[in-house]
Amino acid sequence: MPVKSYAQKMIDSDPVFRDIADMKETVWINDKYLPFDMIDGVCQLVVNDEDIAETEARLRKFAPYIRKCFPETAADGGLIESPLEEINEMKKALQDKCGADIPGRLLLKMDSHLPIAGSVKARGGIYEVLKHAEDLALAEGMITEADNYERFADDDMKQFFGRYTVQVGSTGNLGLSIGIMSAFLGFKVKVHMSADAKQWKKEMLRSKGVEVIEYEDDYSKAVQEGRRLSDMDPMSYFVDDEYSVPLFLGYAVAAGRMVSQLEAKGIKVDEDHPMIVYIPCGVGGAPGGVCYGLKRVFGDNVHVFFVEPVLFPSVLIGCASDRYNDSNVSDFGISGMSHADGLACASPSGFVTRIDRNLISGDFTVADGRLYDYMRMLKESEDILIEPSSCAAFIGPCRLLEYEGTKKYLNDHELTAERLANATQICWATGGRLVPDEIWEQYINTHLEY
Ligand SMILES: *Cc1c(COP(=O)(O)O)cnc(C)c1O
């Protein structure tokens with residue numbers, strides 16, 4: 001693949017982009033990171049606190065319905081939430097086996113175990129489907145705002161939704177989230193799957209009555225085709241991972257709910273107790289929404305890094321080049337298939353790269369092979385299984401004190417050794433709950449050179 005001229009200029013001017021083009025692990029530090037209050041106003045123009053509060057309120061309204069249909073959500077009162085766990089044994093394992101020096105506490109936000117869809121997509125994806133269902137039902141007089149939303153489980157509602165189609169393009173997990181929830185409500189569902197998508201995810205969807213359309217191309221192509229086909233059908237709604245605001249909002253509510261989880265653990269977040277978060281990133285939607293929510297709640301006291309596979313640093317390139325969705329990893333000569341199926345996006349979301357351009361601290365890249373090693377370490381040390389894509393987050397705490405770029409970032413932001421000793425580092429686990437046993441077996445036995 002020929003390298004585009006803008007990419008060549010970046011490669012020639014900064015060794016980080018040389019590493020990117022060479023598909024080597026590295027970190028990019030955001031040159032346009034800004035203190036939060038400097039951009040708060042502009043951000044609110046796009047998505048404000050009221051939007052996030054409205055999203056939370058809508059999810060609460062649907063909680064009785066969710067609890068009724070998915071008993072595994074009963075403990076959280078019908079809210080789709082995940083635990084925040086300290087992983088001290090994993091911290092020790094990373095220090096012993098990887099020689100990492102990890103300051104502060106290490107926690108795992110277990111969106112890998114979110115009910116219903118078993119991945120971070122259960123936040124944004126399910127929210128968008130519920131909102132769409134509500135919009136249709138209100139518009140057609142099937143419900144009123146005053147109704148108890150348990151009504152969505154009624155047979156006539158299912159028949160009503162059966163007249164409509166929901167479509168989505170996906171590398172796998174978004175398809176599972178949209179597919180499971182939409183089919184459950186009664187919608188016809190079509191999921192357009194990219195080449196990187198895992199077979200078991202396609203089979204699981206088909207078993208739920210979802211039509212799965214397979215593409216030999218990457219994720220961007222699956223989205224493009226899905227969008228085109230959906231737009232041709234007036235009864236069809238397309239969940240657009242590259243531009244959707246409801247999806248983004250569904251992810252953003254995670255932060256507010258984390259406040260009480262942190263309090264319950266006696267964890268403070270302030271200038272002297274920084275929080276550093278690492279989130280695996282594909283097209284940018286999930287990590288972008290989570291990051292945005294975190295910044296709104298914790299401001300400059302939270303530092304958010306994304307992590308992408310060396311084969312798909314699409315958000316990194318979209319931000320660093322200021323070309324946003326008008327960039328592609330192939331512009332840097334990068335091509336190939338990744339084992340990190342959930343992160344395999346060649347071109348980033350234009351919406352998320354723009355809104356998060358001044359918010360993210362940086363972006364690490366990680367080799368596929370390392371994901372399986374982290375996965376086995378987490379299993380052995382904590383008896384927790386999360387899917388390989390999810391394990392990308394662990395490179396963050398391992399490399400924070402190692403790379404020149406991150407060391408400079410810590411220095412620039414006065415994250416002294418003393419403050420770091422009080423830090424809370426959080427790896428965001430993004431998927432795993434629905435992985436079938438025989439697939440875990442395969443994952444556990446996969447060893448790749450890197
Ligand atoms: C989708 C996904 C992500 C990243 O979300 P994007 O919105 O694509 O950036 C991370 N991990 C897993 C397991 C995913 O499925």
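One is the number of the first residue; the rest follow in order along the sequence. Just follow the structure's listing: the first ligand is 1, and inside any ligand the first atom is 1.
Looking at Asn301 and Met275, their side chains never come closer than 4.5 Å, going by heavy atoms from C-beta outward. Between Ser314 and Cys345, some side-chain heavy-atom pair lies under the 4.5 Å cut-off.
Atom numbering of ligand 1 starts at 1 in the shown order; those under 4.0 Å from a heavy atom of Gly284 are 6 (P), 7 (O), 9 (O). Using a 4.0 Å cut-off to heavy atoms of Gly285, the atoms of ligand 1 that qualify are 6 (P), 7 (O), 9 (O). Atoms of ligand 1 found under 4.0 Å from any heavy atom of Pro287 (numbered from 1 in listed order, with element): 4 (C), 5 (O), 6 (P), 7 (O), 9 (O). Heavy-atom contacts of Ala286 reach the following atoms of ligand 1: 5 (O), 6 (P), 7 (O) (cutoff under 4.0 Å). Of all the atoms in ligand 1, the ones that sit under 4.0 Å from a non-hydrogen atom of Leu343 are 3 (C), 10 (C), 11 (N). Atoms of ligand 1 found under 4.0 Å from any heavy atom of Thr430, numbered from 1 in the order shown, are 10 (C), 11 (N), 12 (C), 13 (C).
Among protein heavy atoms, atom 1 (C) of ligand 1 sits closest to Lys121 NZ, 1.3 Å.
Arg357 and Asp31 are joined by a salt bridge, as a carboxylate oxygen and a charged side-chain nitrogen come within less than 4.0 angstrom of each other.
Note on ligand 1: Val283 sits in its first shell, one or more heavy atoms being nearer than 4.0 Å.
Taking CG from Leu434 and CG from Asn173, the interatomic distance works out to 8.0 Å, rounded to the nearest 0.5 Å.
A side-chain N or O of Tyr372 and one of His339 form a donor-acceptor pair less than 3.5 Å apart. Side-chain polar atoms of His132 and Tyr164 form no donor-acceptor pair below 3.5 angstrom. Side-chain contact annotation: Arg354 with Asn325, donor-acceptor N/O pair under 3.5 Å present.
Between Tyr251 and ligand 1, no pair of N/O atoms sits closer than 3.5 Å.
Between Phe364 and Phe305, the ring center distance clears the sub-6.0 Å criterion.
Heavy atoms of Ser119 found under 4.0 angstrom from ligand 1: none, in either backbone or side chain. Residue-level proximity to ligand 1 for Val315 is absent, since no heavy atom of it falls below 4.0 angstrom.
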